[in-house]
Protein chains: 2
Amino acid sequence: MINSRLAVAIHIMVLVASSPGAPLSSELMAGSVNTNPVVIRRISGMLRKAGLITSRAGITGSELTRDPADISLLDIFKAVEPKDELFAMHEKPNPNCPVGQNIQSTLDVTFHRAQTAMEKELANQSLKDIMNHLFK
Amino acid sequence: MINSRLAVAIHIMVLVASSPGAPLSSELMAGSVNTNPVVIRRISGMLRKAGLITSRAGITGSELTRDPADISLLDIFKAVEPKDELFAMHEKPNPNCPVGQNIQSTLDVTFHRAQTAMEKELANQSLKDIMNHLFK
DNA sequence: CCATTTGTCATTATTTTAGTTACCACTTCA
DNA sequence: TGAAGTGGTAACTAAAATAATGACAAATGG
């Protein structure tokens, strides 16, 4: 199972998008997510480094850098997921075995297809879509 | 990132499919995968419980229960992944917050779409496809 | 100057994953 | 029938990932 950072990050993005002009502190957002403010600041930091939001020390809250319709869930996923590969592979299969020798390159192709399919679906959903569903 | 059980399970399935009539012991398979025999037996047990292979105490090796062309990677994935949900979610978001109150049901839909896209791609690839690529 | 907030580091706790030891049950075969 | 070899499985350990938390410097605004 994949970690919950994407869920928390989307939650944060919705909060930021929902309160323009009246920014929420990390403590307030932590109250909504139900976690520690540092967790919020840490994930906000990833979103900021990915260019999705702005925030500065000393100033309460964050702001989106672009319209929610122009932010895909894949953008958010990439921001909070440092690993390129979705599936892990076993290390060092036996090179003296015909299967062990070639399994990695085969699985590379296979896993990449599955990952791409998933990412394509995330790319098709925007932050605005999430908000529409949420506030409907 | 998702654990490496799918990779190991596929490796095992290829080994089993590649040696009909001359079954490989868990120790031999462990040599190819480069892990401990118990890890092989543990994952083989999951594959057996899912009905993909047969194996019995005291008898060396395993056998497929059906043709490699009729075994999809999704079958294997489901066999070794006990969790239904691909993405984790944060627990207990604040029900007193309009966002926290509804985020889970929204993310359920979203995550389910992404997961389904991935699983569909895994369903489209068979063990035979893997072997064709591997032994080409 | 003072109170507040973010950014970030360091630490701890928890959970997951993988590796290993041990032992029982089963099969085969001498 | 008994020894040798094998899988099934529980229990334990080790390692890694994840999440939570405490602490504090730097920045901001009053």
Side-chain angles (χ1 to χ4, degrees), chain A residues 1-9 11-12 15-16 19 22-50 53-63 79-93, chain B residues 1-9 11-12 15-16 19 22-50 52-63 77 79-93:
Chain A
M1 185 146 73
I2 300 173
N3 62 60
S4 66
R5 283 197 297 272
L6 177 57
V8 174
H11 192 145
I12 291 172
L15 289 174
V16 171
S19 58
L24 305 173
S25 69
S26 62
E27 185 162 353
L28 269 174
M29 290 197 274
S32 176
V33 172
N34 186 32
T35 185
N36 192 291
V38 176
V39 173
I40 300 296
R41 297 205 287 269
R42 187 183 300 144
I43 294 182
S44 292
M46 297 181 195
L47 295 168
R48 178 169 41 77
K49 278 167 188 145
I53 62 175
T54 61
S55 64
R56 292 172 57 196
I59 303 182
T60 300
S62 300
E63 288 185 3
V80 299
E81 183 51 68
K83 296 271 179 47
D84 284 340
E85 308 302 330
L86 180 62
F87 293 92
M89 229 178 279
H90 49 299
E91 304 286 319
K92 299 177 190 155
Chain B
M1 187 148 68
I2 299 173
N3 61 59
S4 66
R5 284 198 298 272
L6 177 58
V8 173
H11 192 145
I12 291 173
L15 290 173
V16 171
S19 58
L24 307 172
S25 69
S26 62
E27 185 162 354
L28 270 174
M29 291 198 274
S32 175
V33 173
N34 187 32
T35 184
N36 191 290
V38 177
V39 172
I40 301 296
R41 297 206 286 271
R42 189 181 296 149
I43 294 181
S44 292
M46 297 181 194
L47 296 169
R48 177 169 42 76
K49 278 167 188 145
L52 301 180
I53 63 175
T54 61
S55 64
R56 292 173 56 198
I59 303 181
T60 300
S62 300
E63 288 185 2
F77 179 65
V80 299
E81 182 52 68
K83 296 270 177 52
D84 285 340
E85 308 302 331
L86 180 63
F87 294 92
M89 228 179 279
H90 50 299
E91 304 288 318
K92 299 177 191 156

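This one's a predicted model, so the numbers in the text were calculated from it and none came from an experiment. A note on names: the letters A, B, ... follow the listed sequences, proteins ahead of strands, and every chain is numbered from 1.
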Exercise. Please report, rounded to the nearest Å, how far the P atom of D:dA19 is from the CE atom of A:Met46.
Key: 9 Å
Practice problem: Kindly write out the residues that satisfy salt bridge (charged side-chain N to carboxylate O under 4.0 Å, His left out) with B:Glu85, not counting sequence neighbours, or none if the list is empty. | Solution: none
Polar atom pairs between nucleotides 23-27 of chain D and protein, under 3.5 Å, N or O only, would you list them?
none

Quiz item: So does B:Ser26 get a side-chain nitrogen or oxygen closer than 4.0 Å to the phosphate oxygens (OP1/OP2) of D:dG7?
Solution: yes
Quiz item: Over how many whole Å does the gap from A:Arg48 atom CZ to C:dG7 atom C1' extend?
Solution: 7 Å
Quiz item: Between C:dT5 atom P and A:Leu24 atom CG, what is the distance in whole Å?
Solution: 12 Å
Quiz item: Got B:Asn34 and A:His90 here, is their nearest side-chain heavy-atom distance under 4.5 Å?
Solution: no
Quiz prompt | Non-neighbouring partners of A:Ser32 that pass side-chain hydrogen bond (donor to acceptor under 3.5 Å, both in side chains), sequence neighbours left out | solution = A:His11
Practice problem: Give the B/S/- string for nucleotides 12-19 of chain C, one per nucleotide from 5' to 3', where a protein heavy atom under 4.0 Å of the base yields B, of only the sugar-phosphate yields S, and otherwise -. | Solution: ----SSSB
Practice problem: With sequence neighbours left out, write down each residue that passes side-chain hydrogen bond (donor to acceptor under 3.5 Å, both in side chains) with A:Ser62, or none if nothing qualifies. | Solution: none
Self-check item: Between P of D:dT9 and CG of B:Leu47, the distance in whole Å
Solution: 13 Å
Self-check item: Value in whole Å for how far the P atom of D:dA4 lies from CD of B:Glu27
Solution: 17 Å
Quiz prompt | Those residues that, when tested against A:Asn3, pass side-chain hydrogen bond (donor to acceptor under 3.5 Å, both in side chains) (two or more places apart) | solution = A:Glu81
Practice problem: Not counting sequence neighbours, which residues clear ring pair (Phe, Tyr, Trp, His ring centres under 6.0 Å) with A:Phe87? List them please. | Solution: A:Phe111
Practice problem: Apply side-chain hydrogen bond (donor to acceptor under 3.5 Å, both in side chains) to A:Ser55 and list each qualifying residue two or more places apart in sequence or on a separate chain. | Solution: A:Arg48
Quiz item: Taking atom C1' of D:dT9 as reference, at what distance in whole Å does atom CD1 of B:Ile40 sit?
Solution: 16 Å
Quiz item: Restricting to pairs with a member in residues 35-44 of chain A, which pass side chain to side chain donor-acceptor pair (under 3.5 Å), not counting sequence neighbours?
Solution: A:Ser26-A:Arg41
Practice problem: Would you mind reading off the distance between A:Met29 atom CE and C:dG7 atom C1', rounded to a whole angstrom? | Solution: 13 Å
Quiz item: Does B:Leu28 offer a backbone N or O that forms a donor-acceptor pair with the side chain of B:Ser25 under 3.5 Å?
Solution: yes
Exercise. Measure the distance from CD1 on A:Ile53 to P on C:dT6 and round it to the nearest whole Å.
Key: 11 Å
